[in-house]
There are 2 protein chains.
Amino acid sequence: MVRKKEIHEQRVRGYFIDATKEILKSEGLKSVSVRNIADRAGYSFATLYNYFKDAKELVFHCVEDFRKECLDYATVKAAKQPAGTRHLKALFLAYLEYFVQYPGIYELFFKEALSDIDDNGNTTMLVVSLLPTLCEADWQHIAKQKELSRKEVETSKSALLLGSTGMLSLYLGRRYPSSYASFLKEAENFIDQQLK
Amino acid sequence: MVRKKEIHEQRVRGYFIDATKEILKSEGLKSVSVRNIADRAGYSFATLYNYFKDAKELVFHCVEDFRKECLDYATVKAAKQPAGTRHLKALFLAYLEYFVQYPGIYELFFKEALSDIDDNGNTTMLVVSLLPTLCEADWQHIAKQKELSRKEVETSKSALLLGSTGMLSLYLGRRYPSSYASFLKEAENFIDQQLK
DNA sequence: TTTAAAATTTGAACACTGTTCAATAAATTT
DNA sequence: AAATTTATTGAACAGTGTTCAAATTTTAAA
């Protein structure tokens with residue numbers, strides 16, 4: 001009966017992961033502690049170490065779930081727009097909106113050090129490929145319609161990833177610009193410029 | 001004799017600031033602790049609280065010094081290039097190089113939460129204005145030579161700040177791209193594209 | 001069903017962190 | 001030299017992560 005054991009293990013791991021996700025969404029990374037997670041999961045803090053190496057490993061298990069949530073959020077939000085630059089722009093803005101809504105998830109994706117947890121770059125790929133994955137179909141469409149050349153698409157794709165990361169870093173970390181309205185305007189200016 | 005007291009106070013504050021700067025440069029933000037700083041400064045950890053509200057306040061006093069250091073570093077490094085896009089590009093790459101060399105200073109500038117310390121956006125301005133200040137003369141030159149329009153200069157200026165912040169976030173935080181050579185190539189591509 | 005074995009859960013203990021505050025030490029003034 | 005002010009300090013407390021042997025629960029065997 002090795003099956004039963006695995007089912008139980010997966011279940012308990014899920015309890016810890018769910019508890020961690022709750023904390024990340026509501027209070028942010030600073031409130032994530034071994035004892036805090038275990039309390040929410042209904043276990044002792046020591047039990048956590050039977051299922052995860054430490055809280056960091058646990059936290060990075062949330063990345064996959066949040067990534068999917070962000071994909072869904074942006075896809076739904078941009079659904080009304082026609083394929084191409086219009087749709088791409090809507091996706092881009094919804095992507096930014098998601099992280100502004102959940103700053104704790106931004107911290108997890110872009111600020112939390114993963115130097116310790118030997119991850120083989122898996123988490124990095126999940127994070128870095130999120131925006132490109134979201135926009136892939138529209139890039140195809142834009143290239144097909146010859147609105148931009150292949151080369152231009154590549155550089156724009158890269159610029160969008162770098163620019164969005166920079167915008168979130170400055171806005172969520174340094175309150176620059178100081179209002180959400182200014183932030184949005186800057187985001188629109190940026191993507192309009194890059195899609196020129 | 002209020003003078004003597006102030007001199008002494010400034011001196012001791014300097015000892016703590018220097019100790020903090022040493023730690024930030026060598027071991028990074030994770031090693032900054034009240035006891036660690038005080039040890040290096042040659043005082044008890046309790047003495048720190050007589051001169052600073054807490055370690056965070058102390059840490060942000062380092063921002064000004066590092067900002068100046070980065071300005072000097074990039075200015076010297078780009079000195080050989082002729083004014084304009086060539087010089088601008090050299091400054092941009094040196095700016096990135098400085099933070100790659102001292103990841104602890106990058107963390108301090110772009111990752112450390114300043115939500116707690118009510119700073120009136122002073123630290124934000126120091127951080128955000130660094131690259132624009134560095135490049136100001138070259139932007140003037142470029143606009144004068146009509147290589148780019150006023151409007152184009154503004155959007156490029158903004159894109160450079162956002163892009164550099166994003167690049168450093170992804171490279172230093174997520175090891176993307178995985179090698180420094182790739183990082184440099186991406187940086188060059190980005191600035192060439194933005195200066196089109 | 002009772003007993004033995006295996007698996008799971010747990011809190012004590014230790015080493016770190018930040019922070020406060022009363023006691024000590026040093027410097028200054030009287 | 002004595003009194004007063006100023007500066008420095010370590011003890012103490014509440015957090016943090018982590019380990020490990022003991023206690024508990026679950027499973028298997030008799």
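Reminder, nothing fancy here: chain letters follow the sequence lines and each chain counts from 1.
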- Message: Looking at Tyr51(B), I'd like to know whether one of its side-chain N or O atoms comes within less than 4.0 Å of OP1 or OP2 on dT8(D).
- Response: yes
- Query: So, Asp138(A) side chain and Gly84(A) main chain: donor-acceptor pair closer than 3.5 Å or not?
  - Reply: yes
- Note on the structure: From CZ of Phe52(A) across to C1' of dT19(D) the rounded distance in Å is 19 Å
- Message: Below 4.0 angstrom, which residues in residues 25-46 of chain B have at least one non-hydrogen atom near DNA chain D?
- Response: Arg35(B), Tyr43(B), Ser44(B), Phe45(B), Ala46(B)
- Message: Surrounding CD of Glu64(B) (heavy atoms of other residues, nucleotides or ligands, distance under 6.0 Å), is the total greater than 12?
- Response: no
- Message: So, OP1 or OP2 of dT9(C): does either fall under 4.0 Å of a side-chain N or O from His8(A)?
- Response: yes
- Task: May I ask you to decide if the ring planes of Tyr43(A) and Tyr15(A) are parallel, tilted or perpendicular, using 30° and 60° as cut-offs?
- Result: parallel
- Task: Take the protein atom CZ of Arg11(B) and the nucleotide atom P of dA7(D), then report the distance between them rounded to whole Å.
- Result: 14 Å
- Task: Over all heavy atoms of both residues, which pair between Arg67(A) and Met125(A) is shortest? Give the atoms and the distance, please.
- Result: NH1-O, 4.4 Å
- Mind checking what makes salt bridge (Lys or Arg N to Asp or Glu O under 4.0 Å) contact with Glu147(B), not counting sequence neighbours? none
- Item | the helix from dT1(C)-dA30(D) to dT30(C)-dA1(D): angle between end helix axes, five pairs per end, rounded to 10 degrees | 20°
- Task: Return yes if a side-chain donor-acceptor contact under 3.5 Å exists between Glu97(B) and Tyr73(B), otherwise no.
- Result: yes
- Passes salt bridge (charged side-chain N to carboxylate O under 4.0 Å, His left out), Asp72(B) versus Lys68(B)? Steps please. CA-CA 6 Å; Asp72(B) 292 345; Lys68(B) 177 118 183 51; 3.4 Å; yes
- Query: Between Phe109(B) and Phe99(B), is a ring-ring contact (aromatic ring centres under 6.0 Å, His included) present by the stated rule, with each step listed?
  - Reply: CA-CA 9 Å; Phe109(B) 273 46; Phe99(B) 289 110; 5.5 Å; yes
